[in-house]
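Since the model is a prediction, treat every value here as computed from it, not as a measurement. When a ligand or atom number is given, it counts from 1 through the structure's own listing order.
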Amino acid sequence: MIKENLEAVEKRVQDACKRAGRSRDEVTLIAVSKTKPVSLIREAMACGQVDFGENKVQELCKKQEEIREPLRWHLIGHLQRNKVKYVVDKACLIHSVDSERLAQEIQKEAAKRDLVCPVLVEVNVGGEETKSGVSPQEALPLVRSIAALPNVKVKGLMTVAPPVEKPEDARIYFKELRELADTIRKEAIPGVEMKELSMGMTGDFEAAIEEGATMVRVGTAIFGARDYGTTK
Ligand SMILES: *Cc1c(COP(=O)(O)O)cnc(C)c1O
C-alpha cells in the first residue's frame, strides 16, 4: 500500500513541477511518518524514500535508533529548548526555529558537539493565534540574529498554511512565504542561505510546488490517516 501511495504522490509532485516549469530535482519529498510504525517506514525505504519527517523529538530519536540506516530525519514540529540536546546531532534539518532563545540553545548544543546545525525559520503566514512560528515581520530580525550564531545555519523558511476549504486557497500563503524569502535573500546576510522553502502538506502540496516549495512534507497521502488515540 505504501508503494502505491508513494507512486501516486510522486506522480502528483512530477505533474506539479511540470506545470510550474520546474525540474523534479528541485523538490524534496519528505515522508512524514509521525505516529506511524517503523514497519511502514521500512516499506517506504524499500521504495527508495530517504527523507522522513517527525514532529516529536522523542519519536524521531527512537525511530532513528531502531532503523539505523543513513536516512535523512527532518524535525518538523515545535521544538522545546530542553529537547534540543537530544536532536541537534540527529536531525538533518530543524524546520521549526521560531525564537532567538531556541536558536541560542541550538547554538550551545551544536558547539558542544563541534557541528553546524542547519535550520529553517518557521513563519506563521496565516497569522493564526494558536500556531507556532514568527510573524512575517519578525522573520528578518530573527534570521539576522541567527546569522550571528556560528554553529547554526539558516537554510530558508518553513510554514504550515492555515486550514482552507480548497487547496487553491492556500496558494496565497505559499506565495507570501516565497516573497518573504526573496526579500530576506536580497539583504545578503553573510552565512544565510534562503534556498529552501518547506511548505505544502497532503492537502495542498501541489499549490506549494507551483509557488516554489523546495521541500514538501507529506504524511497522510503516503502513510494513511493518523490515529492519535492509540499511538500516544
Ligand atoms: C503532520 C505534519 C505534516 C504532514 O501532514 P499531512 O497532512 O498528513 O500530509 C506536515 N507538516 C507538519 C509540520 C506536520 O506536523
Going by atom types alone, do [X] and [Y] pair a side-chain donor with an acceptor below 3.5 Å?
X    : Y    : value
H78  : N55  : no
T214 : E196 : yes
E138 : S135 : yes

| said: For a quick test of reading the model, state the closest non-hydrogen atom pair linking L177 to S198 and the distance between them. | reply: CD2-O, 4.4 Å
| message | Quick check: closest heavy atoms across T202 and G219, and the distance to 0.1 Å? | response | OG1-N, 3.7 Å
| query | So which pairs with a foot in residues 44-67 pass ring-ring contact (aromatic ring centres under 6.0 Å, His included), sequence neighbours left out? | reply | F52-W73
Dump the pairs for me: ligand 1 N or O, protein N or O, distance under 3.5 Å, to 0.1 Å.
residue, atom, partner, partner atom, Å
ligand 1, 8 (O), T220, N, 2.8
ligand 1, 8 (O), T220, OG1, 2.5
ligand 1, 8 (O), R226, NH1, 2.8
ligand 1, 8 (O), R226, NH2, 3.1
ligand 1, 9 (O), T202, N, 2.9
ligand 1, 9 (O), T202, OG1, 2.5
ligand 1, 9 (O), G219, N, 2.8
ligand 1, 11 (N), R217, NE, 2.8
ligand 1, 15 (O), K34, NZ, 2.6

